[in-house]
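Values below: all heavy atoms of this structure, side chains included; hydrogens, waters and symmetry mates excluded. Ligands are counted one by one from 1 in listed order, and the atoms in each one are counted from 1 as well. Computed from a prediction, not measured in an experiment: that's the story for all the values here.
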Amino acid sequence: MTTSSPAAAAPTAPASILDRCRTLVRPALTEAVGRLHPWVGEMAAYSLGWCEVGGAPAAASGGKGLRQALAVLGAEAAGAPARAGTAAAVAVELVHTFSLLHDDIMDGDPTRRRRPTVWKAYGTGPAVLAGDALFALAVETLAAAPGGAPGVRLLSAALTELVRGQADDLLFAARPFRGPQRVLPHEYRAMAEGKTGALLGCAAALGASLGGAPETTVTALDRAGRHLGVAFQIVDDMLGIWGDPAVTGKPVHGDLREGKKTFPILAALASPTPEARRLARLLESRTDHAEAAALVDLAGGRAAALAEARRRTTAAEAALTGVPLQARAAADLRSLVDFLARREV
Ligand code: GRG
């Protein structure tokens with residue numbers, strides 16, 4: 001094992017890194033989902049992009065597989081056995097799938113990854129149950145892994161934060177765009193760290209923890225994943241305003257239409273400019289979304305979001321230096337961090 005440095009190994013293409021990790025994890029994920037009740041298992045497989053409604057095989061998108069990749073690479077970087085990385089990857093991917101499934105119900109979203117959401121395809125009650133099953137399966141997988149107890153503690157702490165972040169996000173929806181009750185950027189940061197950062201931090205650290213890596217290494221990986229998570233969420237917010245719907249699969253100006261308190265909007269509203277005042281009026285009336293998007297940019301919201309995302313990716317990369325990590329895996333982690341902060345999907 002060597003101490004990582006940016007020059008230690010040439011970067012691999014991020015898509016190849018994600019592919020390699022997905023391929024590594026798929027057999028264990030398939031085995032775990034296969035243990036579910038058949039009906040519930042079908043909904044789980046549908047949400048993972050593996051089948052159609054009714055169970056016929058499908059080759060739909062199961063998502064980028066970011067969390068499972070972080071788990072595999074975190075374990076490899078810490079020199080943990082491959083089975084530790086795989087168990088961690090299965091657990092975090094199941095939790096991610098579960099959280100998306102329940103999030104779609106809470107938000108009433110009809111589509112995800114260009115297909116009907118599970119609640120739209122199977123009904124709300126069954127979808128709640130499928131989410132519960134995925135959650136239970138994640139905990140069971142982790143508890144059964146060698147060295148699982150500290151891993152279960154790590155995951156439980158992340159889940160608690162996930163719930164806190166989601167609760168804040170839901171509460172933000174009822175708050176105004178201006179005045180003393182408005183959502184402030186620091187409140188957003190805490191929400192994003194809970195809603196998105198906690199699971200990415202846990203993903204990066206979990207395999208290392210299961211493999212018995214030193215606490216300093218586990219903490220460094222967790223910190224890197226958390227910073228990446230906030231950057232990732234901010235980029236997600238930017239895509240929600242300026243992303244190309246043909247590429248992202250998200251409706252055009254969806255976040256503006258829904259009045260979401262995303263980072264670019266909050267940063268724009270915090271600027272003492274006439275554009276920010278006009279933006280607040282437009283957001284309240286939910287009328288001209290194209291003009292609102294332009295005003296977020298003019299009031300500095302896009303620049304502020306980019307700067308915050310860059311700060312977070314720099315912090316994520318910094319967290320990876322200073323602890324001894326296997327060079328190849330650390331380079332792959334860096335490559336992913338960089339890619340995800342610039343992604344278009
Ligand atoms: C943990 C008990 C417990 C409850 C969960 C529903 C909920 C509470 C939390 C929702 C958290 C959530 C949906 C966060 C959004 C994070 C995010 C940016 C998701 C999109 O991730 P991608 O782009 O998705 O990695 P793909 O489709 O690529 O997998």
Test: Arg189 cationic atom under 6.0 Å from Phe263 six-membered ring centre, within 45° of axis
no
Could you tell me whether some N/O pair between Arg113 and ligand 1 is separated by less than 3.5 angstrom?
yes
Check: Lys64 N/O within less than 3.5 Å of ligand 1 N/O
yes
Under 3.5 Å between any N/O of His96 and any N/O of ligand 1: does that happen in this structure?
yes
Arg328 and Thr12 side chains, donor-acceptor separation under 3.5 Å:
yes
Derivation of the side chain to side chain contact (heavy atoms under 4.5 Å, CB included) call for Val25 and Glu93:
CA-CA 10 Å; Val25 175; Glu93 203 58 26; 5.7 Å; no
closest protein heavy atom to atom 6 (C) of ligand 1 is Ser99 O, 3.5 Å
Numbered atoms of ligand 1 (with element) below 4.0 Å of Gly63, judged on heavy atoms:
26 (P), 27 (O), 28 (O), 29 (O)
Closest non-hydrogen contact found for Thr196 with Gln233 is OG1-OE1, 2.5 Å
For Met106, the atoms of ligand 1 under 4.0 Å from one of its heavy atoms are 6 (C)
Nearest protein heavy atom with distance in Å, relative to atom 12 (C) of ligand 1
Lys195 CG, 3.9 Å
May I ask you to identify, for Arg112, whether its side chain, its backbone, both or neither come under 4.0 Å of ligand 1 on a heavy-atom basis?
neither
heavy-atom search around atom 18 (C) of ligand 1 in the protein gives Gln233 OE1, 3.4 Å
Purely on distance, is any nitrogen or oxygen of Arg67 under 3.5 Å from one on ligand 1?
yes
Counting non-hydrogen protein atoms only, what is the nearest one to atom 2 (C) of ligand 1? Give residue, atom name and distance.
Val163 CG2, 3.6 Å
Which residue owns the protein heavy atom closest to atom 10 (C) of ligand 1, what's the atom, and how far is it?
Gln166 OE1, 3.3 Å
Main-chain N/O of Ile17 paired to Arg20 side chain as donor or acceptor, under 3.5 Å:
no
Report the distance from atom CZ of Arg112 to atom CG of Leu100, rounding to the nearest 0.5 Å.
4.0 Å
Atom indices of ligand 1 within 4.0 angstrom of Thr196 heavy atoms, with elements
16 (C)
Within the distance-only criterion (no hydrogens, no angle test), does the side chain of Trp50 pair as donor or acceptor with the backbone N or O of Ala44 below 3.5 angstrom?
no
Per the salt bridge (charged side-chain N to carboxylate O under 4.0 Å, His left out) rule, which among Asp237, Asp169, Asp236 passes with Lys260?
Asp169
First locate atom OG1 of Thr262, then atom CD1 of Ile241, and finally report the distance between them rounded to the nearest 0.5 Å.
4.0 Å
